[in-house]
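Beneath this line is the structure, given in structure tokens, with notes to follow.
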Amino acid sequence: MKVVHTIKDLQTELEVLKAQGKKVGLVPTMGALHAGHASLVRRSVSENAVTVVSIFVNPTQFNDKNDLAKYPRTVEADCRLLEECGATFAFVPSVEEMYPRPDTRKFSYAPLDTVMEGAFRPGHFNGVCQIVSKLFDAVMPDRAYFGEKDFQQLAIIREMVRQMGYKLEIVGCPIVREQDGLALSSRNSRLSTEERGNALNISRTLFASRSFASSHPVAETCKMVEEAIASSPGLRLEYFEIVDGDTLQKINDWKDTAYAVGCITVFCGDVRLIDNIKYN
């Protein structure tokens, strides 16, 4: 695996490989890689001759400077993991490389980006679209891989690709969980032992809600989740919404959609965790 730091060097490498007819997969990450990221990389390696994995903590998608400062950075360990997974390139640019000048572009994909994370983290998805579009332009991949844990982000990126006319396939990959059910997240490394134990109640509640939902209406299922999180030590619910998986709009009745998804964000101590579950 080769580590590349500039867009020019990466494009020079890729030009040769693309000229040989080789397909390119891209896995955009912010580093602090775990088994969830590894599953995306292995999927790309299995489907493409070349896999580029970007490691870049993107400042424009953080609306909380403290969250940006605390985001874990483990580039050496990340590169070791990527080598084990069979990645071709690790693209590790500086902020100056990706943003030689301020990016003033505005992306708007309402109503996908105005609900849930969009409501609680103003500007977040604009920053996501800025960096992902920059990576698409730099790499020009055939496929790009994203985890379904960031369910809303995946929907917005699909819409960005559609509206901007990118000629690539977006591949959504299932959530990877620890054996005890906790959704893998780079932020989990910030949890104390006690907090990690408390965080298990997020996935436990979601799994319980799926059974509950089979015999209860949407509103009661939402209430069940809200009350379960409220009674869990060390957890504070920011939101839980059951939405149509395509439009991301709240549903009122299970008959409203054949693709119902429960999306949740919870603070465990001062660590913000997201998760989701599919109902039907």
Side-chain angles (χ1 to χ4, degrees), residues 3-11 26-34 36-37 40-41 52-79 81-82 89-110 112-141 144-147 149-157 159-161 164 166 170 184-191 238 265 267 269-274:
V3 181
V4 183
H5 298 284
T6 70
I7 293 170
K8 185 179 178 184
D9 286 349
L10 179 62
Q11 290 178 335
L26 170 66
V27 184
T29 83
M30 292 208 299
L33 303 183
H34 49 64
H37 295 109
L40 302 183
V41 178
V52 178
V53 183
S54 62
I55 299 174
F56 181 69
V57 182
N58 176 41
T60 69
Q61 70 189 67
F62 287 83
N63 52 343
D64 180 344
K65 288 181 181 175
N66 290 328
D67 194 22
L68 173 61
K70 290 177 183 175
Y71 199 87
R73 291 161 170 85
T74 57
V75 174
E76 285 185 24
D78 293 345
C79 287
L81 177 64
L82 294 181
F89 298 104
F91 178 46
V92 190
S94 64
V95 173
E96 293 73 26
E97 178 67 17
M98 296 312 296
Y99 295 99
R101 61 195 66 80
D103 191 339
T104 57
R105 292 176 300 160
K106 297 296 180 190
F107 296 82
S108 178
Y109 301 113
L112 295 175
D113 59 356
T114 57
V115 296
M116 297 188 291
E117 293 294 283
F120 284 92
R121 300 181 70 188
H124 168 68
F125 287 122
N126 195 68
V128 168
C129 291
Q130 286 178 344
I131 191 59
V132 172
S133 62
K134 280 175 175 283
L135 290 168
F136 287 171
D137 291 341
V139 177
M140 290 187 287
Y145 297 79
F146 296 86
K149 185 173 73 69
D150 294 290
F151 190 82
Q152 186 174 7
Q153 172 180 280
L154 178 58
I156 289 165
I157 287 168
E159 183 62 15
M160 181 186 78
V161 165
M164 293 183 72
Y166 281 112
I170 298 296
L184 288 177
S185 168
S186 300
R187 296 173 192 270
N188 291 352
S189 64
R190 291 175 50 198
L191 298 171
E238 188 165 75
T265 294
F267 278 94
D270 67 347
V271 182
R272 189 175 186 274
L273 301 173
I274 65 173

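Counting heavy atoms from C-beta on, the side chains of Ile131 and Pro28 never come closer than 4.5 Å. Here the side chains of Ile156 and Phe107 are not in contact, with every heavy-atom distance at 4.5 Å or above. Ser185 has its side chain within reach of Lys149: a pair of non-hydrogen atoms, C-beta onward, lies under 4.5 Å apart. The shortest distance between side-chain heavy atoms of Val132 and Phe146 falls below 4.5 Å. Here the side chains of Val52 and Pro141 are not in contact, with every heavy-atom distance at 4.5 Å or above. Side-chain contact between Val41 and Tyr145: absent, with no pair of heavy atoms (C-beta onward) separated by less than 4.5 Å. With contacts defined as side-chain heavy-atom distances shorter than 4.5 Å, the pair Pro93/Ile7 does not qualify. The shortest side-chain heavy-atom distance between Tyr71 and Phe62 falls under the 4.5 Å cut-off.
For Arg272, the salt bridge (Lys or Arg N to Asp or Glu O under 4.0 Å) partners two or more places apart in sequence, or in a different chain, are Glu117, Glu238. Residues satisfying the side chain to side chain contact (heavy atoms under 4.5 Å, CB included) criterion with Val4, sequence neighbours excluded, are Lys2, Asp9, Leu10, Phe89. Listed by chain and residue number, Tyr239 satisfy the ring-ring contact (aromatic ring centres under 6.0 Å, His included) test with Phe120 (two or more places apart in sequence, or in another chain). Residues meeting the salt bridge (Lys or Arg N to Asp or Glu O under 4.0 Å) test with Asp137, sequence neighbours left out: none. Under the side chain to side chain contact (heavy atoms under 4.5 Å, CB included) criterion, Leu191 pairs with Asn188, Glu195, Arg196, Ala199, Cys268, Val271, Leu273, sequence neighbours left out. For Gln153, there are no side-chain hydrogen bond (donor to acceptor under 3.5 Å, both in side chains) partners, not counting sequence neighbours. Remark: His34 engages His37 in a ring-ring contact (aromatic ring centres under 6.0 Å, His included) (not counting sequence neighbours). When the side chain to side chain contact (heavy atoms under 4.5 Å, CB included) test is applied to Asp78, the partners found at least two apart in sequence or on another chain are Leu33, Ile55, Thr74. Applying the side chain to side chain contact (heavy atoms under 4.5 Å, CB included) rule to Pro122 yields the partners Asn63; only residues at least two apart in sequence or on another chain are considered. Applying the side-chain hydrogen bond (donor to acceptor under 3.5 Å, both in side chains) rule to Glu97 yields no partners; only residues at least two apart in sequence or on another chain are considered. In this view, Lys8 satisfies the salt bridge (Lys or Arg N to Asp or Glu O under 4.0 Å) rule with no residue, not counting sequence neighbours. Qualifying salt bridge (Lys or Arg N to Asp or Glu O under 4.0 Å) partners for Arg105, counting only residues two or more places apart in sequence or in other chains: Asp103.
For the residue pair Met30 and Asn58, the shortest heavy atom distance occurs at SD-N, 3.5 Å. Minimum interatomic distance between Glu159 and Leu112 (heavy atoms only, all atoms of both residues): CB-CD1, 3.7 Å. Contact detail for Val3 and Cys79: the closest heavy-atom pair is CG2-SG, 4.1 Å. Nearest heavy atoms, Ser133 versus Met160: N-CE, 4.0 Å. Here the closest non-hydrogen pair linking Gly127 and Tyr99 is O-OH, 4.4 Å. Of all non-hydrogen atoms in Pro59 and Val95, the two that sit nearest each other are CG-CG1, 4.2 Å.
Here Thr60 contributes atom OG1 and Gln130 contributes atom CD; the two are 4.5 Å apart, rounded to the nearest 0.5 Å. Atom CZ of Arg187 and atom CG of Asp270 lie 10.5 Å apart (nearest 0.5 Å).
Under the 3.5 Å distance criterion, the side-chain polar atoms of Gln11 are matched with a main-chain donor or acceptor of Ala138.
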>> side-chain contact (heavy atoms from CB on, under 4.5 Å) for Leu135 and Phe91? Distances and angles first, verdict last.
In response: CA-CA 10 Å; Leu135 290 168; Phe91 178 46; 4.0 Å; yes

> Is there a side-chain contact (heavy atoms from CB on, under 4.5 Å) between Phe136 and Met164 once you walk through the steps?
Replying inline: CA-CA 11 Å; Phe136 287 171; Met164 293 183 72; over 6 Å; no

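Classification of Arg190 and Asp67 as a salt-bridged pair holds, one side-chain N sitting under 4.0 Å from a carboxylate O.
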